[in-house]
Amino acid sequence: MDEARHERIRAAVRAIPEGRVSTYGDVAAAAGERSARVVGWVLRDDGADLPWHRVLRADGSSAPHIADEQHARLREEGVEIRDGRVVLANHRLASGWIS
DNA sequence: ATAATGACCGGCG
DNA sequence: CCGCCGGCCATTA
């Protein structure tokens with residue numbers, strides 16, 4: 001991975017305010033990435049110090065191995081979760097929140 | 001060079 | 001609700 005791209009993605013995730021969420025696709029777009037997958041890789045091996053729990057799938061669900069902690073953290077920030085899925089309609093960030 | 005594997009996405013049946 | 005497919009792209013074998 002190119003370090004610049006890697007860092008743009010991290011910046012986009014850091015820009016998500018508490019109590020709000022975004023999707024892999026939106027973060028990718030905000031970071032100028034053409035694929036949502038790259039966002040997943042970055043969070044996978046370099047997401048420890050980022051608010052990764054504010055990044056969800058397009059339908060508000062999350063990958064099974066992180067779902068528990070993700071839901072717990074989000075609830076703590078006041079984000080609603082119904083049936084294991086975040087209510088995107090109320091907490092999703094506008095598509096161009098970065099710039 | 002090919003193929004499989006993901007913290008993905010959207011469409012279709 | 002479910003699964004399948006094709007597209008996506010870096011990493012690994």
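Sequence lines set the chain letters: A, B, ... in the order given, protein chains first and strands last, and positions in each chain run from 1. The figures that follow rest on heavy atoms only: side chains count, while hydrogens, waters and symmetry mates do not.
Considering only heavy atoms from C-beta on, A:Arg5 comes within 4.5 Å of A:Glu33 through its side chain. Put simply, the side chain of A:Leu50 does not reach to within 4.5 Å of the side chain of A:Val55, judged on heavy atoms. Using a 4.5 Å heavy-atom threshold, the side chains of A:Asp26 and A:Leu93 count as separate. A:Val27 is listed as a side-chain neighbour of A:Trp97, based on a closest heavy-atom distance under 4.5 Å. Put simply, the side chain of A:Ser62 does not reach to within 4.5 Å of the side chain of A:Val86, judged on heavy atoms. A:Arg8 is not listed as a side-chain neighbour of A:Val42, based on a closest heavy-atom distance of 4.5 Å or more.
For the pair A:Ile9 CD1 and B:dA7 C1', the computed distance is 13 Å after rounding to whole Å. Following rounding to the nearest Å, A:Leu43 (CG) and B:dA7 (P) show an atom-to-atom distance of 11 Å. Per the geometry, CZ belonging to A:Arg10 stands 16 Å off C1' belonging to B:dA7, to the nearest Å. Rounded to an integer number of Å, the gap from CG of A:Leu88 to C1' of B:dC9 is 13 Å.
Against DNA chain B, the stretch residues 52-66 of chain A makes heavy-atom approaches under 4.0 Å through A:Trp52, A:Arg57, A:Ala58, A:Ala63, A:His65, A:Ile66.
Taking atom P in both B:dA7 and C:dG7, one finds a spacing of 22 Å when rounded to whole Å.
Side chain of A:Gln70 to backbone of A:Ser61: no donor-acceptor contact under 3.5 angstrom is found. In terms of modelled atom types and a separation under 3.5 Å, the side chain of A:Asp83 and the main chain of A:Arg85 share no donor-acceptor contact.
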For DNA chain C, the dot-bracket pattern of Watson-Crick and G-U pairs whose distances stay under 3.5 Å, | for other-strand partners = .||||||.|||||
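A salt bridge does not link A:Glu3 with A:Arg10: every distance from a Lys NZ or Arg NE/NH1/NH2 to an Asp or Glu carboxylate oxygen is 4.0 Å or more.
Note that the first and last nucleotides of DNA chain C, 5' to 3', having any atom under 4.0 angstrom from a heavy atom of chain A are C:dG7 to C:dT11.
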Evaluate salt bridge (charged side-chain N to carboxylate O under 4.0 Å, His left out) for A:Glu76 paired with A:Arg73, printing each intermediate quantity in order.
-> CA-CA 5 Å; A:Glu76 228 165 300; A:Arg73 293 195 183 193; over 6 Å; no
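A distance of 13.5 Å separates NE2 of A:His91 from CD1 of A:Ile16, quoted to the nearest 0.5 Å.
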